[in-house]
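Indexing begins at 1, ligand by ligand and atom by atom, following the structure's order.
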Amino acid sequence: MTKTTRTEAPHTALGFYHKISHLRSDTWNALTHDLADVLRSEKSGRTRRLVKAIGIKLTRLEIIEDYHAFPSSEDFRHLWSLFNQRQYAQLDKVVNRLVRALVSESYRRRPIDLSDTDAEDIENHDALARFRRGHPGFNSSAQPYFEVLLVDNLSFQEDEVVRDAFYRMRREEDRFVYDVVTVRSFEDALIAVLVNPNIQACLIRYEFPYKSKYNLSAIRRTLEGLSETDLENQSASERSIQLGAMIHQLRPEIDQFLVTNGEVETTASRDIDHFTRIFYRETDYIEQHHTILRAIDNRYRTPFFDALREYSRKPTGVFHAMPISRGKSITRSHWAGQMIDFYGINIFLAETSATSGGLDSLLQPYGPIKKAQEYAARAFGSRESFFVTNGTSTANKIVVQALVKPGDVVLVDRDCHKSHHYGLVLTGAYASYLDSYPLNDYSMYGAVPLKTIKRTLLEYKRAGRLDEVKMLLLTNCTFDGVVYDTRRVMEECLAIKPDLMFLWDEAWFAFATFNPTYRPRTAMNAAGTLRDRYRSPAYRREYAAWKARFDALDPDDEATWLEQRLLPDPDHVRIRVYATHSTHKTLTSLRQGSMIHIYDQDFRQKVEATFHEAYMTHTSTSPNYQILASLDVGRMQAEMEGFELVNSQIETALSLREQLYNHPLLKKYFQVLKNGDMIPAEYRQSGVETFYDRHRGWHQMEEAWAQDEFVVDPTRVTIAIGNTGVDGDQFRTDYLMNQFGIQINKTSRNTVLFMTNIGTSRSSIAYLIDVLIRLAKDFERRWEDSGRSERKVIEHRIHSLTRELPPLPDFSHFHDAFRPSAGDGTPEGDIRRAYFLSYDDSNTDYLRFDNGALQRELEEGREVVSASFVIPYPPGFPVLVPGQVISREIIDFLQALDVKEVHGYRPELGLLIFNEQALARTPNH
Ligand SMILES: Cc1ncc(COP(=O)(O)O)c(C=O)c1O
């Protein structure tokens, strides 16, 4: 066998970087199996087919490994030489060592010399200690490892020299250890940062070509919009700068360094923000080495966690509150010692109410908390970030209170989290509710279409009251994973009202910042992009051309505003964007750890003071330090390995979906909802129905994410289970939890939602698949063993769950008594007034709908008005808010719900409503 097989179909192997790490490990594993088979069949002489398969796998792997430091190209030369000399037994041995090093990640702790046939693989303590003594650079498992990408068109020999120079820089006292990966073209550099998460720093040298030697499609979308000829004709320094900008787009956390052979001073003065530092080519390796280490250290630091650890080691005498601090109240306890047994002592050493002595005050941070929040702002692309220790429920109330006052109008999606509704009650701002599109077949809502938002804004414009509309509040992404095109929504809204503020509830979306496909749809990234866009001369030209076209249509006709894509006036637009993250839901943080991220051009001038007051209103004066420390560590982890973790979360989810799509028995009972099932065609401009196709695998996800009004986050896997005849709630409790200990937290009448997260492993997915197969077999058996009448019952249940679904009700409207501007047709309501009116029980009555009493009142023409929030779980949002008129559709929906938990509803009494005297007494404003 010669090396001719090495050019076979490389693009199919690397076509989709989302699956690259699974592809990598699976191919290495398959190679070990093929080698074992060859060795077994050698005596029979029938090895041709197997040998060919090995050659193909080696070819594939060589392409992937070209972008990783281990195994190196030297290692591959060794593998090919064994292969070409047909030394399969030796090849088998070397490949197995290599796979062990990859799986155990021992290559991060010491160099692996594959040509050393007697090398010791066992990582026992003594062997490592012996090894460390001989290799000062690779000295400790506590010394984190990363890879530096070197972009330069080096010959093999030159590469050896450069790498060797970096190796010689290693010192035992270095905080980190790194290896070097060299790529020789623009395209290869982009692929490397996509497929190799170990890359944390990048040294871009000069005079490298544009094209990769491989024909790879992984970067197709990234390069879209850039003409290849332009790129090929660029000067060397322009190309380096362009590469830096693109790497920044894909992985903004990577520290980049430009090595220039030109005038370093002129290069440094150009717009090259993406580079941490510029080196002249003669800069010595020592300086480069230390600069790289320092840059990584800057991300790796955890100011508050470090301060807390430091504090916990200091001897202190406690003469104020908090007996548990330093474990004092429990270490000598006869009864409560088990707390220490369970948690260990450190958590109590770190429990303190001190705000000095190296610590800080969350309410007025000046030290490590301030630093930690600044680092969070860097990581999430905000201008300011604030830690919150009582979840996003509190974060939302802080932002709402900071931004709006009584009488301001807030456009808000009706099925948003209850904290927003309560926030409006607290502030006295008026709620103008927006309806999401319903998914009646699955008893769940999607998200609010842009047209609905524009139409509502235009209603206020028509009424001459646009100045009262202060904020648009939406959930990105929804619990079920529907994600907005945040840029487009903000752009078009700002064209109608240029200073509109936005609060994006991203409770479920903190992780999205760390993936290049997801990131553009995050609020902070969109805010930064829009701000840059509106400041550019190119946008002024685009706007002028658009305005001329728009004015030539009929700008006085609302339909023009609704139908046309709108652009804001660059002279008036202000970017004022807020996002709240439940960091604890999708990244590393203790429960309740949340963050508020702000990108508001007017923050200092207009909001800082009210934000401070709102923060004081809702923040405990005894914030939990462990939560704060975990937020600090969570941020650090996301900056160091968020890209890798999120990518592997996506890979894992895609493989779960793939198995559910393809397994015949699973398909029969569990139907995975695809993009097209959850996003109606009118909101899918790309036309992409599914990201997966049986023959082509995973593709088109990027297309949909780049173009569509809404997309589904594939890491949230909603499965329709109507064909099982079991409803969502029962399936969760009786089947998944009680039988198999599988926890989920969202169901609808006929769906269950499986969420993957950065901690989900391939084996937990395998377990889930196994459980679902067992359940499917049980359902199969139940059917086979049933008699005619039992089958009728099952069929009836299935019919009810798949066909008889109550349509989801829209928000009806506020009663006129709570509509401050009922006369001009705008829909907002004074929810606070209604809420507090119910405090006096002479204003309210109960009315039952299970006995038809409420329905009779409706038939007689009475406007029955809710005096409370009514929130069924699921779906978990208020179907009624105080002051809302109760419609027939809402009653039908409540009657059809078969959930046990309905907050604000007392079955024995009915719904709390306002009596007619109370409504009559309430003046119309
Ligand atoms: C959209 C949304 N926002 C906010 C919250 C509240 O977040 P937390 O649990 O961090 O208080 C949730 C909780 O589920 C949510 O789904």
Side-chain angles (χ1 to χ4, degrees), residues 376 380 385-401 410 412-426 431 433-434 436 444-448 471-484 486 502-512 521-523 578-597 614-615 617-620 623-624 626-628 630-631 634-635 710 712-713 715-716 718 732 743-748 751-755 757 869 871-879 899 901 903:
F380 290 92
S385 288
F386 294 88
F387 291 169
V388 177
T389 57
N390 192 22
T392 300
S393 308
T394 291
N396 287 336
K397 285 179 223 147
I398 292 174
V399 178
V400 170
Q401 182 179 327
V410 175
V412 45
D413 65 349
R414 199 269 313 242
D415 51 325
C416 65
H417 188 256
K418 60 184 180 178
S419 53
H420 298 291
H421 305 274
Y422 287 120
L424 295 173
V425 169
L426 291 176
Y433 282 118
L434 305 165
S436 296
M444 62 168 86
Y445 284 94
V448 184
M471 184 161 82
L472 172 64
L473 197 165
L474 296 170
T475 311
N476 184 53
C477 64
T478 67
F479 210 144
D480 305 293
V482 179
V483 182
Y484 283 86
T486 45
F502 298 88
L503 169 53
W504 293 97
D505 180 337
E506 294 188 340
W508 293 102
F509 216 42
F511 75 103
R521 287 190 179 240
T522 63
Y578 292 72
T580 49
H581 284 179
S582 288
T583 318
H584 67 101
K585 289 196 202 297
T586 64
L587 295 171
T588 293
S589 161
L590 294 179
R591 199 159 157 80
Q592 297 191 1
S594 285
M595 295 192 199
I596 297 169
H597 302 294
Y615 195 79
T617 308
H618 296 280
T619 303
S620 162
N624 185 303
Q626 315 322 319
I627 295 177
L628 293 174
S630 74
L631 283 172
R635 181 277 311 157
F710 303 113
V712 167
D713 167 10
T715 69
R716 299 164 156 260
T718 300
R732 168 190 24 202
Q743 267 184 41
I744 55 166
N745 64 355
K746 163 86 183 14
T747 58
S748 76
T751 67
V752 289
L753 170 66
F754 294 95
M755 254 185 262
N757 64 44
F869 285 103
I871 310 177
Y873 283 84
F877 67 87
V879 290
V899 299
E901 201 179 329
H903 297 184

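For the residue pair Gln592 and His584, no side-chain donor N or O sits within less than 3.5 Å of a side-chain acceptor on the partner. A donor-acceptor contact closer than 3.5 angstrom is absent between the side chains of Thr389 and Asn624. Looking only at atom types and distance, the side chain of Gln401 has a donor-acceptor partner in the side chain of Thr617 under 3.5 Å away.
Proximity of the aromatic rings of Phe380 and His581 is defined here by a centroid distance below 6.0 angstrom, and this criterion is met. In summary, the aromatic rings of Tyr484 and Trp504 are positioned with their centroids under 6.0 Å apart.
Side-chain contact check for Asp413 versus Thr475: some heavy-atom pair is nearer than 4.5 Å. With a 4.5 Å cut-off on side-chain heavy atoms, His420 and Phe877 do not count as touching. A 4.5 Å side-chain heavy-atom check between Ile871 and Lys418 finds at least one atom pair inside the cut-off. Annotation: side chain of Asp505 is in contact with side chain of His417 (closest heavy-atom distance under 4.5 Å).
Residue Thr475 has at least one heavy-atom neighbour below 4.0 Å for each of these atoms of ligand 1: 1 (C). Within ligand 1, the atoms closer than 4.0 Å to a non-hydrogen atom of Gly391 are 10 (O), 11 (O), numbered from 1 in the order shown. Atoms of ligand 1 found under 4.0 Å from any heavy atom of Ser594 (numbered from 1 in listed order, with element): 10 (O).
When only non-hydrogen protein atoms are considered, atom 12 (C) of ligand 1 lies nearest to His417 CD2, 3.3 Å. Regarding atom 11 (O) of ligand 1, its nearest protein heavy-atom neighbour is Ser393 OG, 2.6 Å. Looking from atom 8 (P) of ligand 1 to the surrounding protein, the closest heavy atom is Thr392 N, 3.4 Å.
In terms of polar-atom proximity, defined here as any N/O pair under 3.5 Å, Ser419 makes no such contact with ligand 1. The distance criterion of under 3.5 Å between nitrogen or oxygen atoms is met by Asp505 with respect to ligand 1. Close N/O approach between Trp508 and ligand 1 is found [any backbone or side-chain N/O within under 3.5 Å].
Contacts of Cys416 with ligand 1, taken as heavy-atom pairs under 4.0 Å, are absent altogether.
Ligand 1 has Lys585 within reach: a non-hydrogen atom of the residue lies less than 4.0 Å from it. Contact annotation: His584 has at least one heavy atom less than 4.0 Å from an atom of ligand 1.
Of the options Ser582, Ser589, Ala507, the smallest heavy-atom separation from atom 7 (O) of ligand 1 is shown by Ser582.
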